[in-house]
2 protein chains.
Amino acid sequence: MIELAAAIVTLAEEAPKILLVRSEAGQRASLPCGPFDPAGHRTLEEGLRTWVREQTDLHLGYVEQLYTFGDRFRDPTERVGGPRPVSVGYLALVRQTAVKNAGKGPAETAWGDWYRYFPWEDWREGPPAILDALIAPGLEAWIAENADKTERQRRRERVNLAFAIGGGAWDNEKVLDRYELLYEAGLVFEAAFDREHIEIRRAEIGRAAEPNLKSGAALIKDHRRIMATAMGRLRAKIKYRPVIFELMAPTFTLLQLQRAVEALSGGRLHKQNFRRLVAHEGLVEPTGQMSGATGGRPAELFRFRREVVHERPAPGVRAPVRVRRQAR
Amino acid sequence: MIELAAAIVTLAEEAPKILLVRSEAGQRASLPCGPFDPAGHRTLEEGLRTWVREQTDLHLGYVEQLYTFGDRFRDPTERVGGPRPVSVGYLALVRQTAVKNAGKGPAETAWGDWYRYFPWEDWREGPPAILDALIAPGLEAWIAENADKTERQRRRERVNLAFAIGGGAWDNEKVLDRYELLYEAGLVFEAAFDREHIEIRRAEIGRAAEPNLKSGAALIKDHRRIMATAMGRLRAKIKYRPVIFELMAPTFTLLQLQRAVEALSGGRLHKQNFRRLVAHEGLVEPTGQMSGATGGRPAELFRFRREVVHERPAPGVRAPVRVRRQAR
DNA sequence: CTATATATGCTCAAATTAAGTATAAGTCGT
DNA sequence: ACGACTTATACTTAATTTGAGCATATATAG
C-alpha cells in the first residue's frame, strides 16, 4: 500500500504555516494524506491533489515530490510480518489568499505554525532558547551514554555538524539531519512514543517537563520527518529557483518579500543588499503603484518578472541568511 | 508492486559509465532492478542494495534516492485496469576499482557510456553535432505540427528554455527537461516504441535513419528517464557536495580530478582556476608523492580532505563549466 | 514641529572570479 | 644532446560580486 502525504506550506503574518488534519480530539495531528489508487489516479501527483482536495478543499498549485519513505516500523503500530506502508512525501506551496479551511466534520483542518514543530530552526531573533536549554544538554547526554568510545566520537561529530557546535556555521538547510539526530537521541516526542525512551532521557537531563512542548509539537507517525524534509528542500530551493513568489500576493513591497524569505530561511537579511540583489537579478519589476503606508514612507509595489526564468540559469534569492552566532 | 531501480555510475577513461543489465540478446538493456520485498527488506535502500548485489556482485557505497515514478503506462505493456508498477529510482556511485562485472548467466551486466544514451549532453568538444543535425529540426517540426497558436508558443518556450536556443545559456543540469521534451516530441526511441509516433516524425524531418542511434540508445520501460534524473542530480550535486571523490582513486592528480568533473559536467574547465578553487576550498591536500609522468612534468598526488565537510557549509566543485556557445 | 519608522540611493573595502602570462619539469624523436 | 612538445604550477590583472554601513527621503504619531 502506498500512502501519499503532502506538506502544504503558506505564509501568514511573517510566519510559515503548514496545513494539518486532526482526526480526533486530543490526538496528534497529521499531514493531509491518503492511499494511492492505481485505478483512479493517473499519476502519483494527481492522486495527491485529489486527496488534498477532498480533505481540505484546497486546489494545489506548485507541487514537488520530496522523498519516498519505506523503513520498517515508521508507524510504530506496524505489526511484525504485517503490511508495510510506504509513503511518498510531497511539498506544495499555496498563497495565503487561496486558503479554504474546511474546519468541519471528522477531519478538521487548520494551519499550524512551522516553528511550533521545529522551534530550534527559527534564528530570526537570535539563537533559539531551546538549543541551550534542552537540546544541547540532551545531545550531550546522548553522546555520553554510549559505552563505546568510537561511537561516542561519531555521535559528537554528527552533533557538531548538524547543530554547528564548535566552529562550523549553522546551515539552515540541514533541517532533516537535525530532526533525525533529535529522534535518535530520544529528544522528540515521536521517539518517546515509538520507543518509550523519553523517560530515561528526561531523567538524565534532570527535567520533568512535557517533551511534546519542549522539543516541538509532535505529529502522527513519521509526518514530522516529512515536514522536516519539506522545510529543508524549500530552504534550499528558494536560493536557486523563484519559488518564493508562489507564496506572495501578485504585488508586494520589497520588505514584504524580504520578510517572506526570512520567514522561510529562519534568519535575517541585510535590507539594502537584499533589494540590490532582487533588482539586479531581475526577479521583480516596479508596478508604479505605492503601498498603503505601514507606519513609514510608503513603499513601491513590485511584481514578479516571470521572464527571469528564461534569462538566467538559476534565478533565486541567494542572499546569505545572517544568523547570529551562538555564544557557547 | 514497488520496483527498485539503480543508476550506478562510475568513471573510466574520462567518461561516465552506467551499469546496465541485458536480459536477452537483441533486447533493450535495463538498469539493475527488482521488486521491493517488505518481508525481507528492512528499508527501501537496503532492498536496492540487495538486488544490486544479487544481480551484479557490486557492493554499493554512496546511494541516494532520486524519485518515485508512478505514472500510468510508463511501461507500455501495462494493461488497462491491470496492476500499476511504481518504481523508486536511486543514484549510486562506485569507484572504478570496485567493479566486479558478472557478465555471465541470463542477466549479463556491462558498463555503458553515459553519453551513448544522451549524446546531446556532452559539450566537452563543443556543441554536439546531433543538436543541429537532428534535434533542432525535430523540435522545430514538433512545434510547427500543432494547430493551436498558443500551444505552439508554449512549445517554443519550453524548447528555448531546455535547449538554450535564442539567448539563454546551456544549463547542464536540465538533463531531465531535455529528455522529456525529446520524448514528447517523439525524438527518442522509447517514444516511438511506446506511441508508434516515430515514423511520422521521421517523415517530417526527412530522414529514414535508425532513431535508436540518432537520438541516443534506448533502454527498457522508463529507465532512460531514471538515468536522466540521475545525471541531472549528479551534475547539480557535485557543485555543493564533494561527491566527486566517491568516484576517484584514493590519490589523484589535479588534472585527473578536473577531467572527472568535466566528464560528469559535460563541459571544460579553466585549469589554473580549477586548481585554485579546489585548493582554496580545502577540498584536497598534497600527499608529497608524485604521479608517474603521463607525457609531461610529473604532477603531485593529492587526496581528499574529509574534514572539509565539517568546515564549510557546501563544499563542492563550484567551478563554472565552460560551454562553447552554439553558433546559430 | 519632533521623534520615529520605513524606503531608497549611494559608497567603499574586501573577496571572489575570469582570463590570462610566465616559468618549471618532464617525455619523445632525431 | 637538442629542440619540439606536454603537462604542472606560480603569479598578475581587471572585472565583478559581496558585505557592511552612511545618508537622505517620505511617511505617521503625538
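- Taking every heavy atom of both residues into account, B:Phe274 and B:Leu269 meet most closely at CD1-CD1, 3.5 Å.
- At D:dT6, none of the side-chain N or O atoms of B:Arg297 fall inside 4.0 Å of OP1 or OP2 (strictly under the cut-off).
- The two atoms that bring A:Phe302 and A:Val284 nearest to each other are CD2-CG2, 3.7 Å, heavy atoms only.
- Residues B:Arg233 and B:Glu173 are not paired through a salt bridge, judged by the lack of any N-O separation under 4.0 Å between the basic side chain and the carboxylate.
- The interatomic distance linking A:Leu257 (CG) with C:dT8 (C1') rounds to 16 Å, in whole Å.
- Rounded to a whole Å, the CE atom of A:Met290 is 15 Å from the P atom of D:dA25.
- No contact: B:Leu277 has no heavy atom under 4.0 Å from any strand.
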Name the pairs: protein N/O against N/O of nucleotides 28-30 of chain C, kept only if under 3.5 Å.
none

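- Across the interface with DNA chain C, nearest-nucleotide mapping of A:Leu255 and B:His280 shows A:Leu255 to be the residue nearer the 5′ end.
- Rounded to whole angstrom, the span from the CZ atom of A:Arg275 across to the P atom of D:dA20 amounts to 18 Å.
- B:Phe274 has its CZ atom 14 Å from the P atom of C:dT17, to the nearest Å.
- Below the 3.5 angstrom threshold, one finds a donor paired with an acceptor across the side chain of B:Gln272 and the base of C:dT21.
- B:Pro286 and B:Arg303 get closest at one heavy-atom pair: O-NH1, 4.4 Å.
- Backbone-only engagement by A:Glu300 is indicated by non-hydrogen atom pairs under 4.0 Å involving sugar-phosphate atoms exclusively.
- Checked by atom type, the side-chain pair A:Glu262/A:Gln258 shows a donor-acceptor distance below 3.5 Å.
- Among the atoms of the strands shown, none is found under 4.0 Å from any heavy atom of A:Leu254.
- Using a 4.0 Å cut-off between charged nitrogen and carboxylate oxygen, A:Arg156 and A:Glu140 count as a salt-bridge pair.
- Between the side chain of B:Arg276 and the base of D:dA10 there is no donor-acceptor pair of N/O atoms closer than 3.5 Å.
- Separating the CG atom of A:Leu301 from the C1' atom of C:dT8 is a distance of 15 Å, rounded to the nearest angstrom.
- Judged by the 6.0 Å distance and 45° axis criteria, B:Arg178 is positioned over the aromatic ring of B:Trp170.
- Look at NE2 on A:His270: it is 13 Å from C1' on C:dG9, rounded to the nearest Å.
- Proximity of B:Lys271 to the phosphate of D:dT9: no side-chain N or O atom is located under 4.0 Å from OP1 or OP2.
- Heavy-atom distances to DNA chain D give each of B:Asn273 and B:Gln256 a nearest nucleotide, and the one nearer the 5′ end belongs to B:Gln256.
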